[in-house]
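Structure, as structure tokens:
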Protein chains: 2
Amino acid sequence: MPQSDVIHAGDATLRNFVGYRMKRAFNVVQADLTKTLKPFDLRMLTYTALVLIVDNPGLRQSQLADAMDIERPNLVVLIDELERRELIVRDRVPTDRRAYALRATLAGRQLYEKAVAAVTLHENAILADLPQDLRTAMIEALKRIEKAHRGRS
Amino acid sequence: MPQSDVIHAGDATLRNFVGYRMKRAFNVVQADLTKTLKPFDLRMLTYTALVLIVDNPGLRQSQLADAMDIERPNLVVLIDELERRELIVRDRVPTDRRAYALRATLAGRQLYEKAVAAVTLHENAILADLPQDLRTAMIEALKRIEKAHRGRS
DNA sequence: TATTGTTATACTCTATAACTATA
DNA sequence: TATAGTTATAGAGTATAACAATA
């Protein structure tokens with residue numbers, strides 16, 4: 001471990017390479033998040049989908065894919081999994097029979113409550129050492145990066 | 001697009017969920033980075049490996065895997081690829097015949113120069129709209145998150 | 001014609017166990 | 001015994017093309 005720290009600290013080219021820094025930080029956050037969600041049999045993607053469905057009852061799969069920033073085909077298997085576990089249902093939309101309105105079941109909402117509580121605890125633990133101003137600045141910066149590039153494509 | 005923005009903006013649960021924010025921002029950065037590196041026939045991982053080898057000549061695969069935060073088996077195929085393209089070489093280490101000292105070839109260093117220049121441009125474009133203080137704060141926050149968790153595992 | 005959801009598919013990244021050759 | 005690199009493999013995430021049903 002000390003060796004890799006030396007390599008890393010001495011590397012001028014990568015030090016402020018944003019993609020590299022984001023990847024490393026995201027890796028640790030996601031690894032920890034995966035562990036946090038394991039007891040609920042959820043992964044980051046299934047968790048995010050469940051949260052968005054509970055908070056936005058009736059939304060369509062295409063809207064959810066958009067909100068999650070994933071391709072529609074990749075969402076299908078996530079929804080399949082949540083439906084198979086009876087955490088959500090696909091309701092037909094009377095006004096547009098191509099689409100499905102996604103809604104959480106009671107079991108889905110109950111799992112949501114427990115998982116959100118666990119994730120909140122986990123995030124607070126991760127950010128415990130971060131001064132509030134750094135935390136706020138980071139969130140703001142991440143939002144702006146996302147927005148700026150969303151505008152281009 | 002406006003629909004997903006509404007959903008997203010109205011979602012209280014995920015708004016400040018750090019893992020979610022990081023993932024979305026990282027997604028756009030990585031997608032853009034992938035495009036930037038395509039003309040050089042590099043991906044984020046091969047680019048990072050090449051940069052670290054050029055900047056730290058003679059380092060071992062295990063050190064590189066550590067620095068890149070990936071598992072040794074996954075590094076092997078990356079090194080195979082860079083070696084096959086004659087961008088780097090695996091030199092035997094006389095004092096430890098199990099290990100390899102990784103070094104860039106002239107072609108590797110030339111590709112490095114061009115790719116680093118392109119990535120630097122790309123990053124500056126991404127961060128152009130970010131005030132310097134936000135940019136600095138974000139990098140600092142990302143480093144701290146990474147360090148804090150590296151200490152635990 | 002365009003859109004919603006779907007199937008199939010392929011590529012990349014990640015993670016683990018087990019092997020070899022050296023130490 | 002432990003370590004460096006390797007092989008094999010499996011799981012997860014991502015991306016694209018093409019299709020059926022519906023608008």
Side-chain angles (χ1 to χ4, degrees), chain A residues 1 3-4 19-20 23-24 26-35 37-38 41-49 58-66 68-83 88-102 153, chain B residues 1 3-4 19-20 22-24 26-35 37-38 41-49 58-83 88-102 153:
Chain A
M1 326 292 190
Q3 286 174 318
S4 77
Y20 178 72
K23 175 168 189 161
R24 294 178 68 89
F26 178 61
N27 273 356
V28 303
V29 169
Q30 192 182 28
D32 210 86
L33 191 53
T34 299
K35 257 189 266 177
L37 290 172
K38 190 141 203 171
D41 208 359
L42 290 169
R43 307 185 305 281
M44 185 157 174
L45 284 173
T46 50
Y47 170 77
T48 304
L59 88 171
R60 319 296 175 76
Q61 287 184 204
S62 52
Q63 291 175 312
L64 181 54
D66 237 46
M68 290 180 67
D69 207 12
I70 65 177
E71 300 301 319
R72 263 78 41 165
N74 297 327
L75 181 66
V76 172
V77 295
L78 296 180
I79 298 301
D80 283 349
E81 182 181 337
L82 293 175
E83 193 183 36
I88 63 159
V89 291
R90 281 190 245 230
D91 281 350
R92 274 288 176 199
V93 177
T95 58
D96 184 345
R97 286 174 45 216
R98 294 172 302 182
Y100 289 112
L102 303 173
S153 54
Chain B
M1 323 291 194
Q3 285 175 319
S4 77
Y20 178 72
M22 286 183 62
K23 172 163 193 169
R24 293 178 68 89
F26 178 62
N27 273 357
V28 302
V29 169
Q30 192 183 29
D32 211 87
L33 192 54
T34 300
K35 257 189 265 176
L37 290 172
K38 191 140 204 173
D41 210 359
L42 291 170
R43 307 183 307 279
M44 185 156 174
L45 284 173
T46 50
Y47 170 78
T48 305
L59 88 169
R60 319 296 175 77
Q61 289 185 201
S62 51
Q63 292 175 311
L64 181 53
D66 237 45
M68 289 179 66
D69 207 13
I70 64 176
E71 299 301 319
R72 265 75 47 165
N74 297 325
L75 181 64
V76 172
V77 296
L78 295 180
I79 298 302
D80 283 348
E81 181 180 337
L82 293 175
E83 193 183 36
I88 64 158
V89 292
R90 281 189 244 230
D91 282 349
R92 275 286 176 202
V93 177
T95 57
D96 185 345
R97 286 173 46 214
R98 294 171 301 181
Y100 288 113
L102 303 173
S153 54

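Below, read A as the first sequence line, B as the second, and so on, with proteins coming before strands; counting in each chain starts at 1.
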How is A:Arg90 classified with respect to the nucleic acid when contacts are heavy atoms under 4.0 Å: base, sugar-phosphate, or nothing?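 A:Arg90: backbone/sugar contact only, no base atoms under 4.0 Å.
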Do the side chains of [Y] and [X] get nearer than 4.5 Å, heavy atoms only?
X	Y	value
B:Leu78	B:Leu64	no
B:Asn74	B:Leu45	no
A:Glu81	A:Val77	no

[X] [atom1] to [N] [atom2], straight-line distance once rounded to whole Å:
X	N	atom1	atom2	answer
A:Leu75	C:dT7	CG	P	13 Å
A:Gln63	C:dT4	CD	P	9 Å
B:Phe26	C:dC13	CZ	C1'	10 Å
B:Arg92	C:dT20	CZ	C1'	11 Å
B:Arg60	C:dA23	CZ	P	11 Å
B:Leu102	D:dT6	CG	C1'	14 Å
A:Ile79	C:dT4	CD1	P	15 Å
A:Leu59	C:dG5	CG	C1'	14 Å

Given the rule in the side chain to side chain contact (heavy atoms under 4.5 Å, CB included) test, do B:Arg72 and B:Leu75 qualify, once you have shown the distances and angles that lead to the verdict? CA-CA 5 Å; B:Arg72 265 75 47 165; B:Leu75 181 64; 5.5 Å; no
Does B:Arg98 place a side-chain N or O at less than 4.0 Å from the phosphate oxygens OP1/OP2 of C:dA23?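 Negative; the distance criterion is not met.
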Does C:dG5 have its OP1 or OP2 closer than 4.0 Å to a side-chain nitrogen or oxygen of A:Ser62? yes
With side chain to side chain contact (heavy atoms under 4.5 Å, CB included) as the criterion, how do A:Asp69 and B:Lys23 come out once you've worked through the C-alpha distance, each side chain's angles and the decisive distance to 0.1 Å? CA-CA 10 Å; A:Asp69 207 12; B:Lys23 172 163 193 169; over 6 Å; no
From the candidates C:dT6, D:dG5, D:dA23, the one with an atom nearest any side-chain atom of A:Tyr100 is C:dT6
Of all the choices, D:dT6, D:dT22, D:dA4, which nucleotide is nearest to the side chain of B:Gln61 once you look at every atom? D:dT6
Letter by letter from the 5' end, nucleotides 11-17 of chain D scores (B base, S sugar-phosphate only, - none; protein heavy atoms under 4.0 Å) -SSBBBB
Go through the steps for B:Arg90 and B:Gln61 under the test side chain to side chain contact (heavy atoms under 4.5 Å, CB included), then give the verdict. CA-CA 9 Å; B:Arg90 281 189 244 230; B:Gln61 289 185 201; 2.8 Å; yes
Side chain of A:Arg97, backbone of A:Arg92: donor and acceptor closer than 3.5 Å? no
